[in-house]
There are 2 protein chains.
Amino acid sequence: MLEPMNNRNRQILEAIIEDYISTAEPIGSGAIRSRHGLSLSSATIRNVMSDLEELGFLASPHTSAGRIPTEKAYRFYVDSLLAVRSADRSERDEIRRRCAVAGRDVEGVFREISQTLSSVSHYMGIVAAPRFTAHIFRQIEFIRLGGRRLLAILVSQSGSVQNRIIELQEEIPAEHLTKMANYLNSILTGLTIAEVKSRIIAEMQSEKSNYDSLMADALKLWQQSIDNGEEEIFIEGQANILDQPEFADVQQMKNIFRAIEQKSQLLSLLDSCIQAPGINIFIGSESHLNSMSGMSLITSTYVSGKNTLGVLGVIGPTRMGYSKVIPIVDYTAKMLTRLLTVD
Amino acid sequence: MLEPMNNRNRQILEAIIEDYISTAEPIGSGAIRSRHGLSLSSATIRNVMSDLEELGFLASPHTSAGRIPTEKAYRFYVDSLLAVRSADRSERDEIRRRCAVAGRDVEGVFREISQTLSSVSHYMGIVAAPRFTAHIFRQIEFIRLGGRRLLAILVSQSGSVQNRIIELQEEIPAEHLTKMANYLNSILTGLTIAEVKSRIIAEMQSEKSNYDSLMADALKLWQQSIDNGEEEIFIEGQANILDQPEFADVQQMKNIFRAIEQKSQLLSLLDSCIQAPGINIFIGSESHLNSMSGMSLITSTYVSGKNTLGVLGVIGPTRMGYSKVIPIVDYTAKMLTRLLTVD
DNA sequence: AATTAGCACTCGCCGGTCAGGAGTGCTAAT
DNA sequence: ATTAGCACTCCTGACCGGCGAGTGCTAATT
């Protein structure tokens, strides 16, 4: 009978996984014995490995190669790793240092964080900017460009800016524009962008705006200003991942780069992480994206105040240094959270 | 004696280049004769090829392979190609169509154009956004975020927006902020951002501002708002280029992706094109960037009114379909120009 | 009953050899 | 000046055999 997972089996499995993570080559029974100083013969280890294979934790590329961990093995490894130690001193230092540098505009912060994730982990860094609809409205401004072109600038509490050019049917005098902006600012302050939407609809149906065409126009203008387009997503360190031996195969690489270019699939995956606060890990096919086959994704959510804003993480091969990367992602998310709640 | 370039030699050279562009394999004397129906024996062609090699237009990977064009050959080819025909009907249509779609914010336009370049050419598209300092100042706004955080928003005539968060030493009351903004707007309207810089310095030395601390503060605030950081650059279609057979070699790929990630070198190369309006072509080492070895860059400038704003182009292997891509780049630059001068 | 030594076997990898083919360069004929 | 003919080069792919790492099984050991 297959004894599910006694202590020794687990120890051996972890040894295999760790060796494979560092060497990227199939691990044989002899190698594991010598590298981990176990007081077991290679024959015994072979027996254990055979069991582990039958349980679905290991696979052999061919008869006489060693064995490599399956996704199930990584999952087991990661789960049992829950005793997450925190990131190394030096890693923490670098993350902190680079977060401190990230001054400039809000967008620049996210890009910098993404680069940091990538350079510290040596895989790809990814940051999904907060869905704009989750932001709290601060102010709207209309600026006349030449002719009938109008620039609408939307600012959120946290300093994110979204802007959009509007082509008007007819020119609107400057004083009307400021009135419109004032009107919108007065009724919308403090709402999230999502809430603003319903507020606008309510306002449009109210009597007041029906009598005042200026206000009605203002509300229409708003609807042109808000950009319900796709969220932004910052991926950095693509070159890093080329160093991984598994991408000697060109086909695999194409997959990944296509996945990165499309972004939309990736984005909806990240979006789904917002529900589950804290660390999330997708190993290989767990992401249900076939462009991510052979890849793992480690994410964490970042927060401002009491609502989670967005997700950041690291993408690497399934054979990833989980024990290093998980703390890195965790710590970076915390730093970003702190950065956003400095207020 | 080596006769420099009579008509027949040139014809053969072009045939070789074109064949090589489409097959990516060394071209032999037999192949060229059959594919182009020349009334010459393969022996004659061999003699010609031998001459062309000595002149530096061809190289042979090894004794008994065919020949491949050198950079010098491509340069010759491109120069003699000056009778640029315009882009295909279908290509023009697609470019026009996608330019029309590109509504939204200014940044979005550049990204869309870059994607268009990439998808029409099947290589990588690249667009360098206008140097912000070339823009004409339109308006500055200060918006108070929580606490001592201030958001400065800078708008240009053309609708580009740059924003930046400033950490203040001490809070500034709202009415002061509007006064400061008004002051800055009044003295800076119509200048380019570059001109603004010297104007600010002049203004700081003038008596007026020395007596009015508000104005002095406003000028200081400006200096914190303007972001003299790097320009933006949009590169799309990286996955496209993986289909090119020359990148079966992984090493080459790494080079390129590193070059793309750094951007700074690439940017200064593009910058240098602003001086030379119209089409610019860098073949292989002509760019003097060794990360671009084996790659060619075709650029064109785009314009608004009378001053050139920026550069766009296509990056591909030296073995690139120049006769197709050059018109594409040319046409796209014209479309973008038109898009920016709609006014 | 668990562990281990021993051993036959499998299979990828590496280097060497060999035939085939594409292409060249040279020479001599046209 | 062009071309046919031919020897020569060198890449490619197939095939082969030995090596080594690793396995799985069996029998001996603890």
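Every value quoted in this text rests on a predicted model; they were computed, and no experiment measured them. Letters A, B, ... mirror the listed sequences (proteins, then strands); counts begin at 1.
Rounded to an integer number of Å, the gap from CD of A:E53 to P of D:dG22 is 15 Å. Taking atom CD1 of residue B:I45 and atom P of nucleotide D:dT3, one finds them 9 Å apart after rounding to whole Å. Here the C1' atom of nucleotide D:dG22 and the CE atom of A:M49 are 9 Å apart, to the nearest Å. Remark: P of D:dT2 and CD1 of B:I12 are 10 Å apart, rounded to the nearest angstrom.
Counting 5' to 3', DNA chain C first comes under 4.0 angstrom of a heavy atom of chain B and last does so at the ends given by C:dA22 to C:dG25.
Listed in residue order, the members of residues 59-70 of chain A having a heavy atom less than 4.0 Å from DNA chain C are A:H62, A:T63, A:S64. Against DNA chain C, the stretch residues 21-30 of chain B makes heavy-atom approaches under 4.0 Å through B:G28, B:S29.
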Q.
Reading 5' to 3' and counting Watson-Crick or G-U wobble pairs with both distances under 3.5 Å, write the dot-bracket notation for DNA chain C, | for bases paired outside the strand.
A. ||||||||||||||||||||||||||||||
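Using a 4.0 Å heavy-atom criterion, one finds that A:R8 contacts the sugar-phosphate atoms exclusively.
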Side-chain polar contacts of residues 10-18 of chain B - donor-acceptor pairs under 3.5 angstrom, sequence neighbours left out - could you list them?
| unit_1 | atom_1 | unit_2 | atom_2 | d |
| --- | --- | --- | --- | --- |
| B:E14 | OE2 | B:S80 | OG | 3.4 |
| B:E18 | OE2 | B:Y77 | OH | 3.2 |

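Looking at residues two or more places apart in sequence or on another chain, you find a salt bridge (charged side-chain N to carboxylate O under 4.0 Å, His left out) between A:E236 and A:R111. In this structure, A:T299 has no side-chain hydrogen bond (donor to acceptor under 3.5 Å, both in side chains) partners at least two apart in sequence or on a different chain. Residues passing the side-chain contact (heavy atoms from CB on, under 4.5 Å) test with A:S41 are A:A43, A:T44, sequence neighbours excluded. In this view, A:K254 and A:V250, A:Q251, B:L242, B:D243 satisfy the side-chain contact (heavy atoms from CB on, under 4.5 Å) rule, not counting sequence neighbours. When the salt bridge (charged side-chain N to carboxylate O under 4.0 Å, His left out) test is applied to A:D88, the partners found at least two apart in sequence or on another chain are A:R85. By the side-chain contact (heavy atoms from CB on, under 4.5 Å) test, A:S64 pairs with A:H62, sequence neighbours left out.
For residues 20-32 of chain B, the side chain to side chain donor-acceptor pair (under 3.5 Å) pairs, not counting sequence neighbours, are B:S29-B:R46.
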